[in-house]
Each structure stands twice: as structure tokens, then as C-alpha cells.
2 protein chains.
Amino acid sequence: MSPTQFFKCLSDDTRLRCVTLLQKEGKLCVCELTTALALSQPKISRHLASLRQCGLLQDSREGQWVYYQISAKLPDWAIPLLNNALAAVEQSDLFKSDLERLQQMINRPDTQMCC
Amino acid sequence: MSPTQFFKCLSDDTRLRCVTLLQKEGKLCVCELTTALALSQPKISRHLASLRQCGLLQDSREGQWVYYQISAKLPDWAIPLLNNALAAVEQSDLFKSDLERLQQMINRPDTQMCC
DNA sequence: CTTTTATATATGCTTATACGTATATTAAGT
DNA sequence: ACTTAATATACGTATAAGCATATATAAAAG
């Protein structure tokens, strides 16, 4: 992955929010991301697929769920960029809402459904 | 300027090369950038204009020449990202060639013309 | 084996990007 | 004034991005 491609990955709100959420939380399934960002499942899925194809994310299936995380094979130069991207995004209200919806979802004991 | 806009600025080869050259060299005029990147003047000029409109660059006219540099009013979160970007790009052969052409141009005493 | 949940992809469409070429503008020199 | 160098913009076009909606696949549950 080239630096230009890397920046293109982060140049869309949906993708940037997914990547920074994963950078902060480590590992999330598609429906968690869908709920956190409050966007349609196909939209999230499409962006995750493109991030995976670029090599920024990797996925792993666990039963019905597909979990995404930051790829373990990222080039060295990408790591500090991701950390600083997270620092830049964390301040925003949009990202705070994402985190809040994610927490609400995790702290909900009333159902075995994911979403 | 939002983080997303910032990353969009760096998501194109021409713009990324301009920005990292300016990050390294401090201040360059359009024809120096045109020569360094070995691209057409309108192409460089158009990208510089878009970077200026985003607030990533600022320009200053000195006689015939218009100099561009990284904006002094960048948000705090952008500075480390620009340094990371430079570190990521500096390794590439493309960027090394840009620097080389720039040096050749500066060390050329045979003409008063810029380009 | 049908249903449900989770995820992925296809289709049709609209908008945004990037480009080359031509031309306009601005400043300086003659 | 006229010319030249430096820079900016306009125009037409080709391609890519992004979206909503519908549909397909995959795994688990009943």
C-alpha cells in the first residue's frame, strides 16, 4: 500500500470513522460498526471491503460474525499515521457519538442479538 | 479543515508530492514545483490552488513568482500528521527524484530564468 | 428444511475528480 | 507599448466514487 492509497482510505468520513474506531477498540464486527456509525449495513460493508482490499484492514469470521481489525501487516510508516489520525478524530463530536452508541450496544444485556 | 478533508488533500500523488516537498523545503514557487515534479504547469497550479482553498497551503507573491508553503494556521492535530507523511514519502524513489531535480535547478548558475 | 441473523455483492444512477489543451492574467524587461 | 516569463483559470471529457435499493450468500437456530 502506497502513502497515497493510505490517505485515500482515510479521505472519506465513513472509512475514517471505521478505521479510527477499530484503531481505538481493536476488533469489531460489521453490525457493531453499523450500529456505532448509525449507517446502513451495505454502506459499511462496502467501505470495509475496500479497506480490506487495500490492506489496511483484515477480517476474520467467527460463526455468523465477521470481525474487522487494523491489519497486522501494515508498513512501518503507517503506524504513527494511524495513531495521529486517531488523535485528530477523537476530539470530534461525530466520533464521540460513535463511541457512545458502541458502548450502549455493548452494555445491553437484554438480548442475545448483536444488532 | 476537517481530518477527512486533510486526508483527501494527501490522497493524490501530485498533491502529496507538493505538500511533502514544501514540508521539507519550506517555501517553493510554482515553477520550482513544476520542475521538481516534472509535470505540466497547469496541473501543478490547479492542485496548489485546491490545497490553498482547503487551507493546507498559503501563497505569497514576490514579483512574478508565487511562493507556496504549509499554512501557518493549520490546526494542531495536522502538524504531526504532516511530519508522518513526510517520513512515509521520503523513502520513495519518486520523492528522491523530485528532490534531485529541485537541487539541480537551484545549483544551476547559467541563467537568471527560474524554469 | 425453513427461518432468521449477519454479511456481501450487484445494479443503476448521480456526482466528484483529474486531465489535457487552450487561453487569460499579472509582472517585468526592453 | 510590446514582449516574455510566471501563474491561473476555463472548457470539454473521461473516469472514479459514492449512494440507495434490491438481492445473494453463509451460518446458526428452530
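By convention in this document, chain letters (A, B, ...) are assigned in the order of the sequence lines, proteins followed by strands, and residues within each chain are numbered from 1. Because the structure is a prediction, the values reported are computed rather than measured.
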When you measure from the side chain of B:Q5 to the backbone N and O of B:C54, does any donor-acceptor pair fall under 3.5 Å? no
Okay, side chain of A:R101, backbone of A:T34: is any donor-acceptor separation there less than 3.5 Å? no
Under 3.5 Å, side chain of B:R52 to main-chain N/O of B:D59, donor-acceptor pair present? no
Separation of atom CZ in B:R61 from atom P in D:dA5, rounded to whole Å: 16 Å
What is the distance, to the nearest angstrom, from the CD atom on B:E62 to the P atom on C:dA28? 11 Å
Length of the CE-P vector between A:M105 and C:dT5, whole Å: 14 Å
Classify every nucleotide of nucleotides 9-20 of chain D by which part a protein heavy atom approaches to under 4.0 Å, writing B for the base, S for the sugar-phosphate alone and - for neither, in 5'-to-3' order. B-------SSBS
Can you list, in residue-number order, the parts of residues 27-34 of chain B that come under 4.0 Å of DNA chain D, counting heavy atoms only? B:C29, B:V30, B:C31
Quick one: does A:R15's side chain have a donor or acceptor within less than 3.5 Å of a partner on A:H47's backbone? no
Taking the side chain as everything from C-beta on, heavy atoms only, tell me whether B:E25 gets closer than 4.5 Å to B:L99. yes
For C:dT26, does the base pair up with any side-chain atom of B:Q64 as donor and acceptor (N or O, under 3.5 Å, distance only)? no
Does any N or O in the side chain of A:R17 come within less than 3.5 Å of the main-chain N or O of A:L37, such that one atom is a donor and the other an acceptor? yes
Using a 4.0 Å heavy-atom cut-off, does B:Y67 contact any base of the nucleic acid, only the sugar-phosphate backbone, or nothing at all? nothing
Atom CG of A:D59 and atom P of C:dA6: how far apart are they, to the nearest Å? 18 Å
Parallel, tilted or perpendicular: rings of B:W77 and B:F6 (30°, 60°): perpendicular
Separation of B:W65 atom CH2 from D:dA5 atom C1', in whole Å? 8 Å
Flag, side chain of B:S11 to backbone of B:K8, donor-acceptor distance under 3.5 Å: yes
Could you check if a side-chain atom of A:F7 sits within less than 4.5 angstrom of a side-chain atom of A:L81, using non-hydrogen atoms only? yes
Please report the distance, rounded to the nearest Å, between CG in A:L48 and P in C:dA8. 7 Å
